[in-house]
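Chain naming here is simple, since letters A, B, ... match the order of the sequence lines and numbering starts at 1 in each. Since the structure is predicted, the reported quantities are computational estimates derived from the model, not experimental observations.
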Amino acid sequence: MALDKIGIAKRIAQELQNNTYVNLGIGIPTLVANYVPKGISVEFQSENGILGMGPFPYENEEDADLINAGKQTITALDGAVYFDSATSFAMIRGQHVQLTVLGAMEVSENGDIANWKIPGKMVKGMGGAMDLVASAENIIVAMMHTNKKGESKILTQCSLPLTGVGCVKKVVTNLAVLEVLPQGGFKLLERAPGVSVEEIQAATEASLLVDGIIPEMSLVD
Amino acid sequence: MALDKIGIAKRIAQELQNNTYVNLGIGIPTLVANYVPKGISVEFQSENGILGMGPFPYENEEDADLINAGKQTITALDGAVYFDSATSFAMIRGQHVQLTVLGAMEVSENGDIANWKIPGKMVKGMGGAMDLVASAENIIVAMMHTNKKGESKILTQCSLPLTGVGCVKKVVTNLAVLEVLPQGGFKLLERAPGVSVEEIQAATEASLLVDGIIPEMSLVD
Amino acid sequence: MINKVVPNVQEALVGVKDGMTLMLGGFGLCGIPENSIAELVKKRTKNLTCISNNAGVDNFGLGLLLQEKQIKKMISSYVGENDEFERQMLSGELEVDLIPQGSLAERCRAGGAGIPAFYTPAGYGTEVAEGKEVREFNGKPHILESALTADFAIVKAWKGDTAGNLIFKATAKNFNPTMAMAGTITVAEVEELVPAGQLNPNEIHTPGIFVQRIFQGERFEKKIEQLTIRKK
Amino acid sequence: MINKVVPNVQEALVGVKDGMTLMLGGFGLCGIPENSIAELVKKRTKNLTCISNNAGVDNFGLGLLLQEKQIKKMISSYVGENDEFERQMLSGELEVDLIPQGSLAERCRAGGAGIPAFYTPAGYGTEVAEGKEVREFNGKPHILESALTADFAIVKAWKGDTAGNLIFKATAKNFNPTMAMAGTITVAEVEELVPAGQLNPNEIHTPGIFVQRIFQGERFEKKIEQLTIRKK
């Protein structure tokens, strides 16, 4: 069965490395914070200006001056710190944030990502995404494998305006975990529980390397 | 009679404009702070990281963590603020500091200044001087008119390695106040009390415009 | 001490004219200079170029200026929460320059810090890089970005003193300290204005040298864009 | 939270090797990492390239490393208070790269902020500009300066917490926050180390993300270079 958004977030949470700083994009990536594995210390950076983001506040304890990059009210953990936007992106551009998880409209087999604009139709802007994908050592995309029309979002080449080139390292979708190979092309690493290799191949427009037996993801809480 | 260092500082203090930020270099310029005219509000920036520098501390009240750019113990006035070196030079380079007063070994008639190095003999370094002279709107040099050998420091061309080019606007020495003309050359504005135009001309190697009657400086406390 | 206090928002915005470029602090609706925006609506200043990370929502923040068609051009990184904005942009009524958030912040800092241009990897290979110089450093391509400045930078702080020193609260800091550096005239509206000497000089975020005018705002509504809570 | 605490200066400097590049915070003797410098003398690490605004005085600060000839190259802006330094430099024993103080600070910030190069007017027309690209912006010539980074950045703060967050005191701040950004490994020695949560997140100067190791210094001598006082 294909994963839901929470399933994708849970699987990405397994990618978190101990003692690292992580930036989570809006949408599915934000959910990753709820599933940090036991024994793993990570600190979440929100590019609007906080390190050490905590859970949502209790009712009536919200503070309009304390939000995350998704404009949601949040709290601050012990050890948190606030900073201005220039310093925030000094952290990002200076590669002090090791992992970026973000959503995408399209990902291509050379690691390009498109997620900010549909010409003539939708222009929300790139926000911090272009800085993040240009700089983080590790970039994981969280998204549905296909769009609402059922068309693959895992492509030979992106059709939409790019957010970054050759930057995506891994893609976790509702169907699969894919690695972007250094020489280009995707490699199938894992299948969602009950999803077959053939289903994944059918939903993938890009070239997909299937090498040996592909294990199912394990998603223990 | 030629001025002493305090006289030079007093004369420069007359150049202070109301509501401006001023950086004073080491030596004679530092003394300017003691002679701010009544009714003039200025704030002194010290490039090591303080705005709102106050007088020296009382005995036993000194704080090793509170110094000026000359490494002297100081105090902080109401409204003072501390900042890091990158921010300090953002202020300077960004032209938020309107006036810089600094010493020099040589000044040339196109406004060049040399004050950081005597090749093979003395190399103290430029400190913040190169940033200051490259950016401030107004740059006044405070110095003796001649060196210890009696040679002019007001030159057609500097012989020492430069600190900045075409930047000095005015020079106040023990003998005179000189303006650097936009087209090059010095114009004699004022004489030190009792010093003749001829004495100034004799001590000046650079071309010197003497136009009309040259008044004596007035140095009321 | 140089006194930066003006009595009210009207005095703070004297000299803001049609066709000028303004920087406005804030991220979403957090930390925006609400009093100044309300006054700009009243002043009916037109043809503004506004540099601000976002464009407000339909009925608050810069959305209020958009509704009145006072903005000719927006320079932002993310404008996704504003239907009127999207309408004006797609119809061509509004010029829009979208730039990466980090480049926006750094360009404002550069404007304030006297750095005319710098290289950044952000946007290489995208529309953002079109027409810009590309240069490789350490084997990685970068693009040349230029400084941004504004006729007026308008920021919002938590506390301020008569010398113009500012302290921001939590994530309402965001673009405010950065833009405060880059205005020919920087206007700060604060929740609490105190005499110089009342703020601890170790705790000040924006030195008063960057601020030309400061006033205590009459009213801060502080709208929340996305109220998210958890149960006790 | 990511815990950055190491038990002592020895652990803090594990991995500092001959030939490495170090950044050291401080201005004159103010805000220098004294405990770390003392340990470097003990470790007898050699052939160091030290990036520091000054070079200490003969018997304190980096002067201690100079006496032991542990420094191969100094990158500084002002070195006027140190006879041994001048002797080594003029004799050619010591390589010296003197750069404008503002360019030094901005190059360190750039190193930490992922900006490989930027333009500045400082030094145009001087020795400092030799071999560097010159470009005009707004009619004024600027030179291209590149980022500085270090194997270890060693800074001194007043207070720090276990997450590596730092607060500096007065003008002992100086180069410390800037250099803290630019170390592959940044070591902070602090006068007072407290548990995460004890520092007000609005008052922190250096976010812990920039700091890899933090420890409470055993002893801070805090020598004064120029004691200047007035009479009561």
So, B:Glu47 versus B:Ser88: side-chain donor-acceptor pair below 3.5 Å or not?
no
Quick one about D:Asn53 and D:Ser77 (side-chain donor to acceptor, distance below 3.5 Å, no hydrogens or angles considered), yes or no?
yes
Greatest number of heavy atom pairs closer than 4.5 Å to chain D - which of [options]:
| options | value |
| --- | --- |
| B:Lys117, B:Lys121, B:Glu61 | B:Lys117 |
| B:Ala90, B:Gly166, B:Gly125, B:Ala114 | B:Gly125 |
| B:Pro161, B:Pro55, B:Gly49 | B:Pro55 |
| B:Ala76, B:Gly164, B:Ala69 | B:Ala69 |
| B:Ala64, B:Gly70, B:Ala80 | B:Ala64 |

Do the non-hydrogen side-chain atoms of [X] and [Y] ever get within less than 4.5 Å of each other?
| X | Y | result |
| --- | --- | --- |
| D:Phe220 | D:Glu34 | yes |
| D:Phe175 | D:Ser52 | no |
| B:Met130 | B:Trp116 | yes |
| B:Val123 | D:Val79 | no |

Residue part contacting chain B, namely of [X], when any heavy atom lies under 4.5 Å:
| X | answer |
| --- | --- |
| D:Ile99 | backbone |
| D:Glu221 | neither |
| D:Asn176 | neither |
| D:Leu227 | both |

Residue, of [options], that accumulates the most heavy atom pairs under 4.5 Å with chain B:
| options | result |
| --- | --- |
| D:Cys108, D:Gly125, D:Cys30 | D:Cys30 |
| D:Lys232, D:Glu106, D:Arg109 | D:Lys232 |
| D:Ala129, D:Gly28, D:Gly80 | D:Gly80 |
| D:Pro141, D:Gly31, D:Pro121, D:Gly102 | D:Gly102 |
| D:Gly123, D:Ala172, D:Ala170 | D:Ala170 |
| D:Ser103, D:Ala55, D:Ser76 | D:Ser103 |

Decide if atom CD of D:Glu133 counts as having more than 12 heavy atoms of other residues, nucleotides or ligands within a radius under 6.0 Å.
yes
Please classify the contact of [X] with chain D as side chain, backbone, both or neither, using a heavy-atom distance under 4.5 Å.
| X | answer |
| --- | --- |
| B:Asn68 | backbone |
| B:Ser46 | neither |
| B:Ile92 | neither |
| B:Gln72 | both |

Any donor-acceptor pair under 3.5 Å linking the side chain of [X] with the backbone of [Y]?
| X | Y | answer |
| --- | --- | --- |
| B:Glu106 | B:Lys153 | no |
| B:Asn138 | B:Leu99 | no |
| D:His142 | D:Lys140 | yes |

Salt bridge (charged side-chain N to carboxylate O under 4.0 Å, His left out) assessment of D:Lys173 paired with B:Asp84:
CA-CA 6 Å; D:Lys173 187 185 266 185; B:Asp84 64 84; 5.5 Å; no
B:Asn147 pairs by side chain to side chain donor-acceptor pair (under 3.5 Å) with which of B:Glu151, B:His145, B:Lys149?
B:Glu151
